[in-house]
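Below is one structure, written out as structure tokens; the observations come after it.
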Amino acid sequence: MIPSTARSDHETAVRFPREIAAAVTLPAAAAALVAVGTVGTVGLTPAAATAIVTACGALATRMALVGFVADVDAPAPRSIRSFDPFDDAVPPALLGFGPEPPRDRVRTAGDRCAESWRMWRADDGSPDAATGAAGALAVGAWCAWALGSSARAETRSRYALETRPDDPLAGLVLRSVLADSRPSWERR
């Protein structure tokens with residue numbers, strides 16, 4: 001008998017539930033980040049905040065959200081797909097390269113990410129959603145960095161790291177701010 005490397009036990013079947021939930025809610029989160037809200041407010045419902053926190057529970061979906069928010073063509077939220085680290089190039093926007101993203105779109109998305117984190121904390125700060133809440137705030141920190149607001153980016157990334165000390169996106173944004181690295185967008 002040839003031993004198989006494939007496993008089908010229950011543990012393997014539920015090994016990555018956070019990543020699955022993040023991928024499933026990604027289009028809803030993208031819509032929540034860029035939908036036109038009430039003027040002067042964040043315009044975020046609890047359901048939208050939950051979608052954002054859930055979608056930010058995996059790094060691959062956060063990478064997709066960064067690329068989506070920064071896309072100058074403003075694609076439809078339903079068109080978003082999770083980032084595939086094996087087939088997709090890192091979004092140039094993550095490092096501040098490429099065409100300058102629409103400032104209003106990035107600002108709105110960043111504010112909604114921060115509001116999602118605040119709503120998570122006010123609700124109960126459930127440890128089960130800590131990764132997603134930190135991820136949402138890390139995306140919000142990237143949005144602030146992308147707009148040139150180093151102080152806001154630093155604050156958001158530090159709070160994200162307090163929520164989840166090993167958050168890779170928050171760490172990247174904080175290191176970028178501390179190194180005085182700024183985006184070098186191509187002006188349109």
note = Smallest heavy-atom separation, A153 atom then A141 atom, equals CB-O, 3.5 Å
ask   = In terms of side-chain heavy atoms, does W117 have a donor or acceptor partner in T163 at a distance below 3.5 Å?
value = yes
message = Under 4.0 Å between a side-chain nitrogen and a carboxylate oxygen: does that hold for D111 and R156?
response = yes
Any donor-acceptor N/O pair, D73 side chain to P75 backbone, under 3.5 Å = no
key: Side-chain hydrophobic cluster, 4.5 Å single linkage: members besides L161   = L174, L178
query = At what distance, to the nearest 0.5 angstrom, does CH2 of W145 lie from OG of S181?
reply = 5.0 Å
request  = State, with a plain yes or no, whether a side-chain heavy atom of L26 is found less than 4.5 Å away from one of L65.
outcome  = yes
task = Answer whether the closest heavy-atom distance between the side chains of V24 and T54 falls below 4.5 Å.
result = no
query = Between the side chain of T45 and the main-chain N/O of A48, is any donor-acceptor distance below 3.5 Å?
reply = yes
ask   = Tell me, do S176 and W142 make a side-chain contact under 4.5 Å, heavy atoms counted?
value = no
request  = Kindly give the heavy-atom pair with the smallest separation between R62 and P168, and that separation in Å.
outcome  = NH1-CD, 4.5 Å
key: CD1-OG distance between I20 and S82, expressed to the nearest 0.5 angstrom   = 11.5 Å
Worked check of salt bridge (Lys or Arg N to Asp or Glu O under 4.0 Å) between E115 and R112 = CA-CA 5 Å; E115 183 61 21; R112 289 179 178 173; over 6 Å; no
query = Do you know the tightest heavy-atom contact between A134 and R164?
reply = CB-CB, 3.4 Å
remark   = CZ (R121) and CG (L137) are apart, to the nearest 0.5 Å, by 10.0 Å
message = Rounded to the nearest 0.5 Å, what separates atom OG1 in T25 from atom CD1 in I52?
response = 10.0 Å
task = Evaluate salt bridge (Lys or Arg N to Asp or Glu O under 4.0 Å) for E154 paired with R158, printing each intermediate quantity in order.
result = CA-CA 6 Å; E154 181 177 354; R158 287 189 187 276; 3.0 Å; yes
inquiry  = Could you check whether any side-chain N or O of R182 sits under 3.5 Å from a backbone N or O of G148, counting only pairs where one atom can act as donor and the other as acceptor?
reply    = no
key: Residue among V173, V177, L172 satisfying side chain to side chain contact (heavy atoms under 4.5 Å, CB included) with R175   = L172
key: Interatomic spacing from SG in C56 to CZ in R18 - rounded to 0.5 Å   = 12.5 Å
note = Tightest non-hydrogen contact, residues A22 and A58, listed as CB-CB, 3.9 Å
inquiry  = Is there a continuous path of hydrophobic side-chain contacts, each under 4.5 Å between heavy atoms, that joins V53 to V66?
reply    = no
request  = Kindly say whether A55 contributes a backbone atom to a donor-acceptor pair with the side chain of T61 at under 3.5 angstrom?
outcome  = yes
request  = Flag the pair V34 / T108 as yes when at least one side-chain heavy-atom distance between them is below 4.5 Å, and no otherwise.
outcome  = no
inquiry  = Does the structure place the NZ or CZ of R105 under 6.0 Å from the centre of the six-membered ring of F68, at an angle of no more than 45° from the ring's axis?
reply    = yes
ask   = When rounded to the nearest 0.5 angstrom, what is the spacing between OG in S116 and CG in L33?
value = 7.0 Å
query = Looking at A160 and A138, what are the two nearest heavy atoms and their distance?
reply = CB-N, 4.0 Å
note = For C113 and A136 the tightest heavy-atom approach is CB-O, 3.0 Å
key: Backbone N/O of A146 and side chain of W185: donor-acceptor pair under 3.5 Å   = yes
